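Right, one structure below, let's go through it.
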Amino acid sequence: MHILVTGGAGYIGSHAVRLFLERGHEVWVYDNLVYGHRAAVPSERLIVGDLSETHRLDQILVEKRIDAVVHFAAYTYVGESVTNPAKYWHNNLVNTLSLMECLRRHGVARFVFSSTAATFGIPEKMPITEDTPQHPINPYGASKLAVEQALADYTHAYKWGFAALRYFNASGAYAGGTIGEDHTPETHLIPLIIQAAQGKRPHIEIFGTDYSTPDGTCIRDYIHVDDLAEAHLLALEKLQPGQQMHYNLGIGRGYSVREVISAVEAVTGKKVPVKEGPRRAGDPPVLVASFEKIQRALGWTPRYTDITAIIETAWNWHRTHPKGYRSK
Ligand code: UDP
């Protein structure tokens, strides 16, 4: 397949790109490098550009004979989406709609969309299945859900094949050690704990210790980025015209913040200074995915099924890249 990967220089995108190339696909990365990293993808595969440059996208679709798009490009900071919703609605929805229109003009009808557990909001029942109602509680989740809905309409009317993959907590790094997680600012739990273990931060602050969970801290479902990447490829390969796929992607098991901290200590052999702080607004106590649907339909199953194995790959990346992609 000739695959265009938007946002392919980002954390999850770069892992997908590496896998698609390894499996022999013709891959082109389209990334504005606002959050992505030039060094995260092979330079000869990278096209630097913004989703708003539709004439360039038109040109690329023709020149590179693109027949499928995997769309990662988006802003992903939940807190920022609350304080600056315009930025999120514009980039995540308006720019995606304009990308979809380019694809429609050129008859590209295979689309895999990077969606999120944030489309579910605070569900009552765990684990979260594809039948769980989607009621996002922030503009980030709402913008992603709006795209899912637009894609469903395109699929119906224009015979697209599309997959919405709702990631839970993406984590870890490629075991080969060449790519990994590098966000500025970093807000995700595992890299923050690792940085505290490395002495780059004074401590890790636990956001809330009074939740109704066994140890009082929030529980999340951490899924390895390479398992996410594999799910994208399976979906791409199996999509048929007129078909919609909606899949939740997690490992089906949750870990509390305290459990993640202990696992980082075990993997790194370092004591992590901890500060107990108040809850972060909008954090549901527990989010765990059911992955039964994608397992049944596509045969996907996570290769990384426990937090220690995931953290080992993250630690390998952070240990060898103390400044992320600016290391060396
Ligand atoms: N968390 C925390 N301290 C931090 C960052 C995160 O206690 O400095 C908690 C957060 O409240 C959540 C979990 O760790 O329960 C995972 O947060 P993250 O931001 O990594 O992902 P999210 O679940 O928000 O997508």
Side-chain angles (χ1 to χ4, degrees), residues 10-12 35 72 74-83 88 92 114-123 126-128 134 136-145 165-173 180-198 200-225 228 248-265 272-289 307 310-311 313-315 317-318:
Y11 171 44
I12 305 173
Y35 292 111
F72 291 102
Y75 295 139
T76 61
Y77 292 102
V78 170
E80 185 187 49
S81 81
V82 176
T83 54
Y88 281 72
N92 294 5
S114 155
S115 190
T116 166
T119 59
F120 289 105
I122 308 186
M126 289 298 140
I128 299 174
Q134 288 170 291
I137 56 158
N138 51 59
Y140 167 63
S143 68
K144 289 282 183 174
L145 180 58
L165 304 180
R166 292 116 176 204
Y167 320 147
F168 282 61
N169 291 62
S171 47
E181 188 166 14
D182 181 356
H183 293 117
T184 309
E186 188 53 79
T187 61
H188 293 116
L189 183 66
I190 293 174
L192 288 176
I193 302 173
I194 289 177
Q195 289 170 0
Q198 288 175 310
K200 291 185 193 159
R201 292 180 187 268
H203 53 255
I204 180 73
E205 178 172 343
I206 301 181
F207 296 152
T209 52
D210 59 347
Y211 284 98
S212 55
T213 56
D215 68 17
T217 67
C218 286
I219 293 176
R220 293 288 180 275
D221 184 334
Y222 296 87
I223 175 169
H224 196 279
V225 269
L228 284 179
N248 297 348
L249 286 169
I251 66 170
R253 167 164 184 200
Y255 292 90
S256 73
V257 175
R258 289 194 204 279
E259 286 174 324
V260 177
I261 294 171
S262 303
V264 170
E265 290 182 330
V272 176
V274 170
K275 181 178 160 201
E276 299 190 354
R279 294 183 178 196
R280 181 172 71 179
D283 264 342
V286 182
L287 289 175
V288 176
I307 197 72
I310 292 175
I311 290 170
T313 65
W315 173 233
W317 160 256
H318 287 279

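Only heavy atoms go into these numbers, but all of them, side chains included; no hydrogens, no water, no symmetry mates. From a predicted model like this one, the values you see are computed outputs, not experimental measurements. Counting starts at 1 for both ligands and their atoms, following the listed order.
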Using a heavy-atom cut-off of under 4.0 Å, does the side chain or the backbone of N169 touch ligand 1, or both, or neither? side chain
F207 N/O under 3.5 Å from ligand 1 N/O: yes
Check: H224/T313 side-chain N/O donor and acceptor closer than 3.5 Å: yes
Identify, for atom 17 (O) of ligand 1, the protein heavy atom at the shortest distance, and state residue, atom and that distance. R280 NH2, 3.6 Å
Do Y255 and R253 have side-chain N/O donor and acceptor atoms under 3.5 Å apart? yes
Under 3.5 Å, is there a donor-acceptor pair between the S114 and Y167 side chains? yes
Using a 4.0 Å cut-off to any heavy atom of I204, which atoms of ligand 1 qualify? 8 (O)
With salt bridge (Lys or Arg N to Asp or Glu O under 4.0 Å) as the criterion, how do R201 and E186 come out once you've worked through the C-alpha distance, each side chain's angles and the decisive distance to 0.1 Å? CA-CA 11 Å; R201 292 180 187 268; E186 188 53 79; over 6 Å; no
Using heavy atoms and a threshold below 4.0 Å, how should the contact between H188 and ligand 1 be classified: side chain, backbone, both, or neither? both
For atom 9 (C) of ligand 1, what is the closest protein heavy atom, and at what distance to 0.1 Å? V257 CG2, 3.8 Å
So which bit of D283 gets within less than 4.0 Å of ligand 1, heavy atoms only: side chain, backbone, both or neither? side chain
Close side-chain approach of Y77 and P185, heavy atoms under 4.5 Å: yes
Please write down residue, atom name and distance for the protein heavy atom closest to atom 20 (O) of ligand 1. L189 N, 2.8 Å
Closest non-hydrogen protein atom to atom 3 (N) of ligand 1, residue and atom name please, with distance? E205 O, 2.7 Å
Consider only side-chain N and O atoms of Q195 and H318, and report whether a donor and an acceptor are under 3.5 Å apart. no
Looking at the rings of Y35 and F72, which for Trp means the six-membered one, are their centres under 6.0 Å apart? no
Show me which atoms of ligand 1 lie under 4.0 Å from any heavy atom of I206. 7 (O)
In the protein, what heavy atom is nearest to atom 15 (O) of ligand 1, and what distance, to one decimal place, separates them? C218 CB, 3.0 Å
Please state which part of T187 comes within less than 4.0 Å of ligand 1, counting heavy atoms only: side chain, backbone, both or neither. backbone
Should Y222 be counted as touching ligand 1, given the test is an N or O pair under 3.5 Å? no
Hydrogens and angles aside, do Y88 and E80 bring a side-chain donor and acceptor to less than 3.5 Å of each other? yes
Within less than 4.0 angstrom of ligand 1, does Y167 place any heavy atom? no
Are the charged groups of E276 and R258 less than 4.0 angstrom apart, N to O? yes
